[in-house]
Amino acid sequence: MLTSILSLIQAAVVFGTVIMLGCIGEILSEKSGSLNLGVPGIMYIGAIAALVGVFFYEGAAENPSPYLCILIALGCGFGAAFAAGLLFSFLTITLRVNQNVTGLTLTIFGSGVANFFGGSLNKLAGGVGQISVSATSDAFRTKIPELSDIPIVGPLLFQYGFMVYFAVIAAILLQFFLTKTSAGLNLRAVGESPDAADAAGIHVIRYKYLATCIGAGITGLGGVYYVMDYIKGTWANDGSIEKLGWLAVALVIFTTWKPKNSIWGAYVFGLLYWAYYYIPGLTRSSQEIFKMLPYIVTIIVLIVVSFRNKKENLGPAHLGRSYFREER
Amino acid sequence: MEQHIAVQMQNITKTFGQVLANHNVSIDIRKGEILSLLGENGSGKTTLMNMLSGIYYPDAGKIFVNGEPAVIRSPGDAFAYGIGMIHQHFKLVDVFTAVENVVLGLRGRDANLKLATKKICEICEKYGFEIDPGQKVYNMSVSQKQTLEIIKVLYRGADILILDEPTAVLTPQETERLFHVIRNMKKAGKAIVIITHKLHEVLSVSDRVAILRRGEYVDTVETKDANVQSLTEMMVGKRVVLDIERPAAAHTERRIEVKNLTVVRSDGVQLLDRVSFTANSGEILGIAGISGCGQKELLESIAGLQKVSSETSILYSAPKADAPVELVGKDPKAIRDMGITLSFVPEDRLGMGLVGSMGMTDNMMLKNYRQGRTPFMERKEPRALAEKIKEDLEVATPGINIPVRRLSGGNVQKVLVGREIAAAPTVLMTAYAVRGLDIHTSYTIYHLLNEQKQAGVAVIYVGEDLDVLLELCDRILILCSGRVSGIVDGRTATKEEVGMLMTHLQKGDGSDAV
């Protein structure tokens, strides 16, 4: 009983970390008014870029250094996702294309690109037809020594790879940035009312670009974590990144745009998502009902938030709209 | 260049697409002086000032600040030159507190919330403002928001203040307080520009008046040498008669009889309490009251847009009909299907009245698209109507298919009123029909209402300017906190009497007023 609860929690934390990274990246982007629905695509792009990077490194290096593996994976993932964010920003901020359409297109584009290269990698890897970057994956999954051996507390808190803690720290830092710094205040103003921000002398376009691109980069790290830890350095063309990407978008609403809520929110989503695995007596078809739980909870949260009708809990007022100073 | 000139704008030209907003405009703004920028709707006052505050960049022309050539490419640049503008549509972030709005975009010590709170309190003390730095903007009244905008500009140390129609939404008392503050700032040596089209305000507060007409500079005059008549003529470019006529009410018969109109909001607040009155054909019934006293709900109840309580009765008597019919419980379509034409010019012109992104023609069609016989739209009639309204009411628009959102406030109102009158209504209801409109357009609207009155229409006019209500209306109903505090004769009542009734309920009133 205890072991199954522990393993459920562990599964939830690992799952939650993927969507937590996706979520805080998207929160940063949405706080600037950019509703980037390309989250799944960006996660895909981040994931495949990291995989490609370390695949070639591991192939070239005799004895791959774990630190370099991590650095290359994170660098490639963040960089590629940042570039995807730049594309989104150029289209929606500079050319003022509709954000929803651009985001959805980016999702389709990202999944296509990633699965194309993922398939190629599998072919390049030859042999069993399944690529595996074991050195990097091991580096990502290195547990904290000693602490992880403590009974119960160890498996509960310390038996994870470093990205789990990185995600929590990133969420806390983003929360601090948004609520306590003047740059965070300016960024929120840009998302709420770009004309007020502009009139106050804030460089609206610069803020939007930076927030959207860095947000996309963080989202991309969710994809990196997914391939390196969640599926252990392999590639699968099964569309599960996309599923997690949409959950990250749902999580943004669930957290009412507050990064601190994403810490527990992501784990709750993880628990709900994996619950079916630990509930005895479920058939293949009745499992699917339980897999809907995170989405149902999001809808319930939306309803509750709308009842309370508190302006702070709603999204940024100018979310999804483009800004042009000389518009009349 | 003389030292006391703060800003010089020379030969400024700005176009938007094909629309020439400013053409070769040159003005001086002096320190320690209040300059009024006067002009009709759409004459380019706001555009001109937006070029000082960095919202727009001029196509041609030069700007000098304190004698030095200045290039203002963004609001940030404007702040660097000490120019601050209080926009007509407040540039505030609703979910932020007052102090957060003030420090927006600033760096370092200026952006420290604690220090800012202290400095805001000092500014408040110096100029006599009252504001709670921790209050959220969405909890503020309009006048508080405006105060906050002024504090925001002063906090940044602006020496040149531009106020764009600051009094449009203020009560007379709030306006007086604002002017007091402006005079204080003038004494402190600041240069102040106030954009307005309320002439009596221009005369009472400013030192000089610069006049624009259709984007071109007309003249600058000393306020002491000017009067309402002379300013209007310069603004309009021709002689205008500034008297509101009031033809005698003739052939009056009961058109609408409202009994015990009660409206309760979903959260239990009573917006209207047993309001009873009649509106007659061939007369203008004015409705006065402090804003938000139930005027909106009153008109919407008659129009069939508002849920009313069960004791309410709204009886409509058609011309030459025997028995009146009940309007309560019918929506606007049901009322129209009964052959009753009620026209309603709502307060929210671009929200309720017109569709901003559609042109005049399509907006005309909103009212009569059901008359079409085929699934295809018949644009011919609405297009003719749009042309006619454009012609008759002198709507300034580059074309009837330009989205109405892009027209100035006065022209939007002309389109709306024109369409409503074209439906040949028996009852015409208007809410704040001249709000934000310049004097020339206002008089056009008064004239239109009088025409309707003489044609036998029952006109209901909700207004805020007591002078106009007393000059225009045959009878005035005064609302106070959702109840009728009195109905007076527009010919004999005085401003003081109406003002009293607006703030005090008389004993026994509300249920049995006639």
Side-chain angles (χ1 to χ4, degrees), chain A residues 27 30-33 93 96 98 176-211 256-258 305-319 321-328, chain B residues 14 16-17 19 21 46-47 50-51 53-57 73-80 83-87 89-97 99-113 116 136-139 145 148-149 152-153 155-156 267 402-403 405-408:
Chain A
I27 289 177
E30 291 197 10
K31 279 289 178 186
S32 78
I93 301 169
R96 298 194 290 277
N98 182 304
F176 179 83
F177 169 76
L178 287 175
T179 54
K180 302 284 181 214
T181 66
S182 56
L185 184 78
N186 292 351
L187 176 67
R188 282 188 289 141
V190 168
E192 289 288 343
S193 170
D195 55 337
D198 199 4
I202 296 170
H203 206 304
V204 173
I205 305 298
R206 186 184 298 159
Y207 267 90
K208 282 186 86 125
Y209 258 93
L210 276 175
T256 60
W257 289 266
K258 293 183 185 72
V305 167
S306 77
F307 272 145
R308 276 165 66 202
N309 206 9
K310 214 174 152 220
K311 274 197 160 185
E312 286 89 340
N313 286 343
L314 304 174
H318 211 263
L319 184 61
R321 285 150 62 193
S322 44
Y323 176 66
F324 177 46
R325 186 193 285 162
E326 295 211 3
E327 192 160 37
R328 319 229 302 162
Chain B
K14 176 78 187 171
F16 293 102
V19 183
T46 303
T47 306
N50 272 337
M51 282 186 273
S53 67
I55 302 285
Y56 300 148
Y57 190 74
R73 291 197 173 271
S74 70
D77 292 349
F79 285 129
I83 300 171
M85 178 153 170
I86 290 119
H87 297 270
H89 305 288
F90 301 133
K91 307 245 182 198
L92 295 170
V93 181
D94 267 354
V95 295
F96 285 8
T97 61
V99 60
E100 282 173 334
N101 267 290
V102 169
V103 302
L104 214 55
L106 298 174
R107 286 159 204 265
R109 277 174 66 83
D110 287 337
N112 182 307
L113 291 181
K136 295 263 180 172
V137 171
Y138 61 77
N139 284 329
K145 285 182 193 173
L148 177 56
E149 283 277 23
K152 207 167 102 182
V153 170
Y155 183 85
R156 286 154 189 261
D267 59 3
I402 297 287
R405 169 171 48 88
R406 287 211 236 142
L407 308 185
S408 66

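Quick note: numbers below take in every heavy atom, side chains included, and nothing from hydrogens, waters or symmetry partners. Protein chains get the first letters and strands the later ones, always in sequence-line order, with residue 1 at the start of each.
Residue contact with chain A, scored on non-hydrogen atoms closer than 4.5 Å, involves the backbone of B:L106 exclusively. Only the side chain of B:D94 comes within less than 4.5 Å of a heavy atom in chain A; its backbone stays farther off. Of the two parts of B:I55, the backbone and the side chain both hold a non-hydrogen atom closer than 4.5 Å to a non-hydrogen atom of chain A.
The neighbour count for A:R96 CZ, taken as heavy atoms of other residues, nucleotides or ligands under 6.0 Å away, is above 12.
Chain A forms the most heavy-atom pairs under 4.5 Å with one residue out of B:V95, B:D77, B:N50, and that residue is B:V95. Counting heavy-atom pairs closer than 4.5 Å to chain A, the top-ranked of the candidates B:G76, B:G105, B:S53, B:G54 is B:G105. Contact tally against chain B (heavy-atom pairs below 4.5 Å) for A:A199, A:A317, A:A183, A:G201: the top residue is A:A199.
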(message) What verdict does the side-chain contact (heavy atoms from CB on, under 4.5 Å) test give for A:H203 and B:S74, after you've listed the backbone C-alpha separation in whole Å, the side-chain angles of each residue and the deciding distance to 0.1 Å?
(response) CA-CA 9 Å; A:H203 206 304; B:S74 70; over 6 Å; no

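Here the OG-CZ distance, from A:S182 to B:R107, works out to 8.5 Å after rounding to the nearest 0.5 Å.
Nearest heavy atoms, B:R156 versus A:A200: NH1-O, 3.1 Å. When all heavy atoms of A:A189 and B:V93 are compared, the pair lying nearest together is CB-CG2, 3.9 Å.
Under the 3.5 Å distance criterion, the side-chain polar atoms of A:R188 are left unmatched by any main-chain donor or acceptor of B:F96.
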